Protein chains: 2
Amino acid sequence: MEAGRQRQGRLWSNLKEVCDLLHIPSACTIQSEELLFQHVQFKTGQRIHTIGQPFDTLYIVNSGFLKTVLIDEFGNEQVLSFPMKGDMLGVDGIHSRQYASEAVALSDCDLILLPFKKLTALGRVHLELENMMYGVMSRELVREQAMIGMLGALSAEARVARFLVSLADRFAQMGYSSKLFNLRMTRHEIGSYLGLTLETVSRTLSAFNEIGLITVDQRTIGIKDPDALKTLRRLPPSRSRSKSGAGRKAAAVEAAEPAAPSTGPSVQLMAAV
Amino acid sequence: MEAGRQRQGRLWSNLKEVCDLLHIPSACTIQSEELLFQHVQFKTGQRIHTIGQPFDTLYIVNSGFLKTVLIDEFGNEQVLSFPMKGDMLGVDGIHSRQYASEAVALSDCDLILLPFKKLTALGRVHLELENMMYGVMSRELVREQAMIGMLGALSAEARVARFLVSLADRFAQMGYSSKLFNLRMTRHEIGSYLGLTLETVSRTLSAFNEIGLITVDQRTIGIKDPDALKTLRRLPPSRSRSKSGAGRKAAAVEAAEPAAPSTGPSVQLMAAV
DNA sequence: CGATAGGTTGAATTTTTTCAATTCCAGTGG
DNA sequence: CCACTGGAATTGAAAAAATTCAACCTATCG
């Protein structure tokens with residue numbers, strides 16, 4: 001792995017390693033060993049930052065799995081994301097100088113610390129660093145937009161299906177199997193993330209299993225028909241499904257029709273600058 | 001208004017005006033008249049940018065109302081936000097160099113153009129500009145997080161209530177009345193934004209009207225009981241409501257209980273850097 | 001080996017959507 | 001000026017989706 005070097009008995013990474021981790025194509029021309037970023041380890045269950053805590057550092061996930069949550073007026077958690085390798089944490093703290101969410105390790109984690117002050121100062125010298133920051137923040141914004149679209153428009157089944165697909169994609173990106181993996185989070189956390197109850201999540205997974213889209217065994221998920229999952233809109237009524245063992249190929253899944261013609265992209269109006 | 005000066009027959013704003021518009025507390029020490037940003041006007045219905053269009057400029061709303069939308073595989077719109085004075089548009093285009101959403105004017109608008117390249121170059125000279133950028137992007141992220149939390153956790157009624165409250169707050173910020181205002185969007189657009197059908201939105205507004213929380217007349221909304229709206233969780237069953245005219249004060253709205261004790265903020269683990 | 005958190009499943013209930021029928025209003029053309 | 005028209009909004013009733021409540025598994029961890 002591109003983990004980084006030891007120094008003073010700790011792990012450190014240079015800018016290139018950080019950029020690689022973030023998948024930011026940086027033509028990193030820098031005398032790298034100068035600026036190093038320290039790693040920190042967190043154990044399962046530990047909190048990286050809490051809501052309201054003074055903000056001063058961003059984090060990049062080098063390994064491990066986390067969740068970020070909002071806490072409502074009753075103390076209920078609302079899961080916002082499941083950061084993993086290559087994701088950045090803490091960006092929501094920049095604006096108000098306080099973290100707006102809470103981040104918790106779902107497994108043992110190795111995070112890279114990016115002191116924000118130092119980072120912006122460096123950004124003015126090293127252009128790629130600055131671009132990296134803007135790029136990552138924008139990417140995060142796009143991700144959240146997609147999430148809003150999903151919560152606003154999709155059925156429970158479609159949400160769970162897309163959740164599985166996106167997890168599979170992330171695992172593939174990280175070099176793990178996208179066909180067989182372990183969920184690091186509970187049904188409750190998945191439900192919170194997807195705006196559903198844990199029971200609905202559980203039932204939906206069982207239904208997918210029944211029609212052979214996936215296999216489920218507790219937290220172990222096998223993806224059998226990724227294409228069907230990607231385009232799934234809703235499941236046929238359960239009486240049309242047989243109760244026999246899984247393993248057959250998905251027979252009837254109502255998927256997306258070919259994109260409607262819609263009104264064309266219409267004339268673009270672009271003001272000159 | 002802090003609209004800006006004429007030059008070459010067009011409106012332009014300086015950095016201080018831009019910062020003020022964004023509510024970024026900038027100790028703007030700059031010889032302001034040097035760097036000016038051009039305005040552009042859009043008429044109701046015009047598109048500011050489309051999905052996939054090459055990104056090169058950000059926009060700040062100086063006046064008017066807009067919506068940003070995602071388009072799904074069927075050509076259906078999913079409303080993401082209703083930008084208005086002081087909001088920034090186009091940030092989602094930075095990452096992939098293409099706008100990820102579409103922005104449409106819901107009224108005649110006046111926008112300030114911020115060519116992104118120019119902006120980042122200036123940011124390296126003028127610190128407050130750079131801070132402004134990070135601050136605005138982070139704020140947008142927080143806003144979207146709140147949206148996800150709302151879509152994930154709240155009932156239809158609570159969503160509509162909070163939508164009205166947040167609109168009222170925005171209007172107040174802009175110096176308009178927060179007690180009586182006009183919706184610039186259709187029920188359909190509100191529904192899309194809140195993850196509801198237009199009928200549910202309409203029914204909910206009617207219900208709020210019936211119990212005296214608001215008055216509704218087409219797009220004209222009067223806020224009668226902002227506090228009840230802010231904390232509303234769900235409405236009592238309709239048979240417990242009388243069908244008589246509005247105007248009475250809200251009698252029974254199930255609101256939030258005092259925050260649960262929850263498990264305390266627990267020991268904070270903070271790594272040194 | 002029990003305690004316990006996590007997970008599954010069923011049945012009843014509630015919430016929200018869907019479908020359908022009107023109504024309201026702004027704009028248009030006779 | 002006024003009747004028409006079409007998009008927007010309201011309202012009702014039926015249907016569907018998701019939640020709630022409850023019971024019951026099943027791993028895991030002291």
Side-chain angles (χ1 to χ4, degrees), chain A residues 44-45 67 76-77 79 106-107 150-161 182-210 214-221 232-241 243 246 254 263, chain B residues 44-45 67 76-77 79 106-107 151-161 182-192 194-210 214-221 232-241 243 246 254 263:
Chain A
T44 306
K67 65 174 177 182
N76 300 320
E77 289 192 353
V79 175
L106 296 179
S107 70
M150 173 160 152
L151 291 175
L154 297 188
S155 69
E157 285 141 1
R159 289 183 213 179
V160 174
N182 262 81
L183 299 174
R184 299 323 206 284
M185 62 295 280
T186 67
R187 303 288 191 263
H188 181 76
E189 287 163 336
I190 297 173
S192 171
Y193 179 64
L194 297 177
L196 304 170
T197 58
L198 73 269
E199 292 98 328
T200 300
V201 173
S202 178
R203 271 187 253 276
T204 305
L205 291 175
S206 298
F208 288 172
N209 179 60
E210 244 174 64
I214 64 174
T215 60
V216 191
D217 176 34
Q218 297 293 119
R219 301 227 179 152
T220 305
I221 300 285
L232 179 141
R233 293 247 122 194
R234 66 201 327 153
L235 251 21
S238 65
R239 54 187 58 270
S240 74
R241 299 178 231 146
K243 189 83 184 193
E254 188 165 329
T263 72
Chain B
T44 305
K67 64 174 176 181
N76 300 320
E77 289 191 352
V79 175
L106 296 180
S107 71
L151 290 175
L154 297 188
S155 69
E157 285 143 1
R159 289 183 213 179
V160 174
N182 261 82
L183 299 175
R184 299 324 205 282
M185 61 295 280
T186 67
R187 303 287 192 264
H188 181 77
E189 287 164 337
I190 297 172
S192 171
L194 298 177
L196 304 170
T197 59
L198 74 268
E199 291 97 329
T200 300
V201 173
S202 178
R203 269 187 253 276
T204 305
L205 290 175
S206 298
F208 287 173
N209 178 60
E210 241 175 69
I214 64 174
T215 59
V216 191
D217 175 35
Q218 297 293 118
R219 302 229 179 148
T220 305
I221 301 284
L232 179 142
R233 293 247 122 194
R234 69 206 319 158
L235 252 21
S238 64
R239 59 185 57 269
S240 76
R241 298 179 230 145
K243 189 84 182 191
E254 187 163 331
T263 72

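On a predicted model such as this, the values are computed, not experimentally measured, just so you know. Computed from heavy atoms alone, side chains included, the values below leave out hydrogens, waters and symmetry copies.
- Within the 3.5 Å criterion, the main-chain N or O of H188(A) finds no donor-acceptor partner in the side chain of S192(A).
- L205(A) has its CG atom 11 Å from the C1' atom of dT8(C), to the nearest Å.
- Taking CG from L183(B) and CD1 from I221(B), the interatomic distance works out to 4.5 Å, rounded to the nearest 0.5 Å.
- Rounded to whole Å, the distance from CG on L198(A) to P on dT8(C) is 9 Å.
- Judged by distance alone, with hydrogens and angles left aside, the side-chain atoms of T204(B) form a donor-acceptor pair with the main-chain N or O of T200(B) at under 3.5 Å.
- Counting only heavy atoms from C-beta outward, the side chains of V79(B) and M185(B) never approach each other to under 4.5 Å.
- Taking 4.0 angstrom as the limit, R203(A) places none of its side-chain polar atoms (N or O) nearer than this to OP1 or OP2 of dA18(D).
- Summarising the geometry, the separation between CZ on R219(B) and C1' on dA26(C) is reported as 11 Å, rounded to the nearest angstrom.
- Note: CD (E157(A)) to P (dA17(D)) measures 8 Å, nearest angstrom.
- Atom-to-atom distance recorded for R184(B):CZ and I190(B):CD1 is 12.0 Å, nearest 0.5 angstrom.
- OP1 or OP2 of dT11(D) sits under 4.0 Å from a side-chain N or O of S206(B).
- Interface residues of residues 182-195 of chain A facing DNA chain D, ordered by number: G195(A); criterion, heavy-atom separation under 4.0 Å.
- At least one side-chain heavy atom of R219(A) sits less than 4.5 Å from a side-chain heavy atom of T186(A).
- The residue among Q218(A) and A156(A) whose nearest nucleotide of DNA chain D lies closer to the 5′ end is A156(A).
- Whole-Å rounding puts the N209(A) CG to dG7(C) C1' distance at 14 Å.
- Rounded to a whole Å, the CG atom of D217(A) is 11 Å from the C1' atom of dT26(D).
- Between atom CG of residue L151(A) and atom CG of residue L194(B) there is a gap of 12.5 Å, rounded to the nearest 0.5 Å.
- Following rounding to the nearest Å, L196(B) (CG) and dA9(D) (C1') show an atom-to-atom distance of 16 Å.
- Of all nucleotides listed (dT18(C), dA17(D), dA9(D)), dA9(D) comes nearest to the side chain of S202(B).
- R159(B) contributes no side-chain N or O that forms a donor-acceptor pair with the base of dT15(C) under 3.5 Å.
- For the pair E199(A) and L154(A), both in contact range of DNA chain D, the more 5′-proximal nearest nucleotide belongs to L154(A).
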